[in-house]
Amino acid sequence: MKLFLKSILSLAVISSASLSYSDELIDVRKIKAKKIALELTELRSQRAAGFIKPDIDITYNLFKSVCGFVKKRSLELAKNEGVIIRHAAIKHRNPDNAATKEESSFQHLFERNPEIKEIWDETERDGRRYKRYIFPIHVEDACLACHGEKEARPDFIKTAYPRDTAYGFKTGNIRGIIEILVPLN
């Protein structure tokens, strides 16, 4: 009987150690996802504030220096970190960034509940499990140069994105979400 109890206790300790190790891996994944979201958010904010000044003419090259640069960095991070990064919005400019039904529900959740700063969950895509981090993108003053009043948008945006709906925002509005998927398996 003592041998049986020792075996059970040993299995419990091993299971507990495995669970702890697994929890640590999940925490590392969460830290990685949050770090990426914060880097992209800070990058967008800093570049917009640095390049976009009142009464400046927003050109295509300036647009690429801010939003294009963030997109390029997102692609680099996704490749280097082995994650999937998605920027999505209900009111989008680029159809590739159109929010899915699920992403729309997350954006609405952030809009209705400003006390919610982030969402963590697990999801499955194409048969693979992921730890998912969802973070809201807020409109800042500099964002209004391209995302403010419809008629104030730069001409190149009106021409390049005839189906653009990413305007009419005010400072502090939620512009969309960043979704980061970190593989669990």
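The figures that follow rest on heavy atoms only: side chains count, while hydrogens, waters and symmetry mates do not.
Of the possible donor and acceptor atoms, none in the side chain of Lys32 sits under 3.5 Å from a partner among the backbone N and O of Val182. Within the 3.5 Å criterion, the main-chain N or O of Ser65 finds a donor-acceptor partner in the side chain of Arg47. Between the Arg175 side chain and the Lys91 main chain, a donor and an acceptor come within less than 3.5 Å of each other. Side-chain N or O atoms of Thr41 include one that pairs as donor or acceptor with a backbone N or O of Ala37 at under 3.5 Å.
Among residues at least two apart or in separate chains, ring pair (Phe, Tyr, Trp, His ring centres under 6.0 Å) pairs with a member in residues 77-124 are Trp120-Tyr133.
When all heavy atoms are compared, the tightest approach of Ala145 to Ile52 is CB-CG2, 3.7 Å. Between Ala166 and Asp164, the closest heavy-atom pair is N-OD1, 2.7 Å. Summarising the geometry of Ile85 relative to Val83, their closest heavy-atom pair is CG1-CG2, 3.9 Å, with the distance given to 0.1 Å. The minimum heavy-atom distance between Pro114 and Glu111, with the atom names listed, is CD-O, 4.2 Å. Heavy-atom minimum distance, Thr159 versus Pro162: O-CD, 3.7 Å. Between Arg29 and Leu184, the shortest heavy-atom distance links the atoms NH1-CD2, 3.3 Å.
Cluster annotation: Phe51 and Phe156 are assigned to the same hydrophobic cluster (Ile/Leu/Val/Met/Phe/Trp/Tyr, side-chain heavy-atom contacts under 4.5 Å, transitive). Note on Ile137: it clusters hydrophobically with Leu40, by side-chain heavy-atom contacts below 4.5 Å among ILVMFWY residues. Grouping the Ile, Leu, Val, Met, Phe, Trp and Tyr side chains by contacts below 4.5 angstrom, directly or via other members, places Val66 with Tyr60. Placement of Val70 and Phe63 in two distinct hydrophobic clusters is found when ILVMFWY residues are connected by side-chain heavy-atom separations under 4.5 Å, directly or transitively.
Expressed to the nearest 0.5 Å, how far OG1 of Thr59 lies from CG of Asp155 amounts to 12.0 Å. Put simply, CD1 on Ile177 and CG on Asn97 are 10.5 Å apart, with the number rounded to the nearest 0.5 Å. Here CZ of Arg86 is found 12.5 Å from CD1 of Ile178. Values are rounded to the nearest 0.5 Å. Note that the SG atom of Cys146 and the CG atom of Leu62 stand 7.5 Å from one another [nearest 0.5 Å]. Put simply, CZ on Arg153 and OH on Tyr161 are 12.0 Å apart, with the number rounded to the nearest 0.5 Å. Distance check: Lys131 NZ to Glu122 CD gives 5.0 Å after rounding to the nearest 0.5 Å.
Few gaps surround NZ on Lys158; more than 12 heavy atoms of other groups in view lie less than 6.0 Å from it.
Inter-residue side-chain proximity for Arg128 and Pro183 is flagged as met; some heavy-atom pair is nearer than 4.5 Å. Counting only heavy atoms from C-beta outward, the side chains of Ile180 and Phe135 never approach each other to under 4.5 Å. In this structure, the side chains of Arg73 and Leu77 come closer than 4.5 Å at one or more pairs of heavy atoms. The shortest distance between side-chain heavy atoms of Glu118 and Lys30 does not fall below 4.5 Å. With contacts defined as side-chain heavy-atom distances shorter than 4.5 Å, the pair Thr171/Glu140 does not qualify. Taking the side chain as every heavy atom from C-beta outward, Val139 and Lys170 never approach each other to under 4.5 Å.
Applying the under-4.5 Å side-chain rule to Ile, Leu, Val, Met, Phe, Trp and Tyr, the cluster around Leu181 extends to Ile84, Tyr130.
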Original post:
Can Lys35 and Glu81 be said to form a salt bridge (charged side-chain N to carboxylate O under 4.0 Å, His left out), step by step?
Top reply: CA-CA 11 Å; Lys35 181 178 174 258; Glu81 298 293 335; 5.4 Å; no
Subject >> Candidate pair Glu76 and Lys71, rule salt bridge (charged side-chain N to carboxylate O under 4.0 Å, His left out), full reasoning >> reply: CA-CA 9 Å; Glu76 289 171 358; Lys71 180 178 180 178; over 6 Å; no
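Defined by atom type and a distance below 3.5 Å, a donor-acceptor pair is missing between the side-chain atoms of Glu103 and Gln107.
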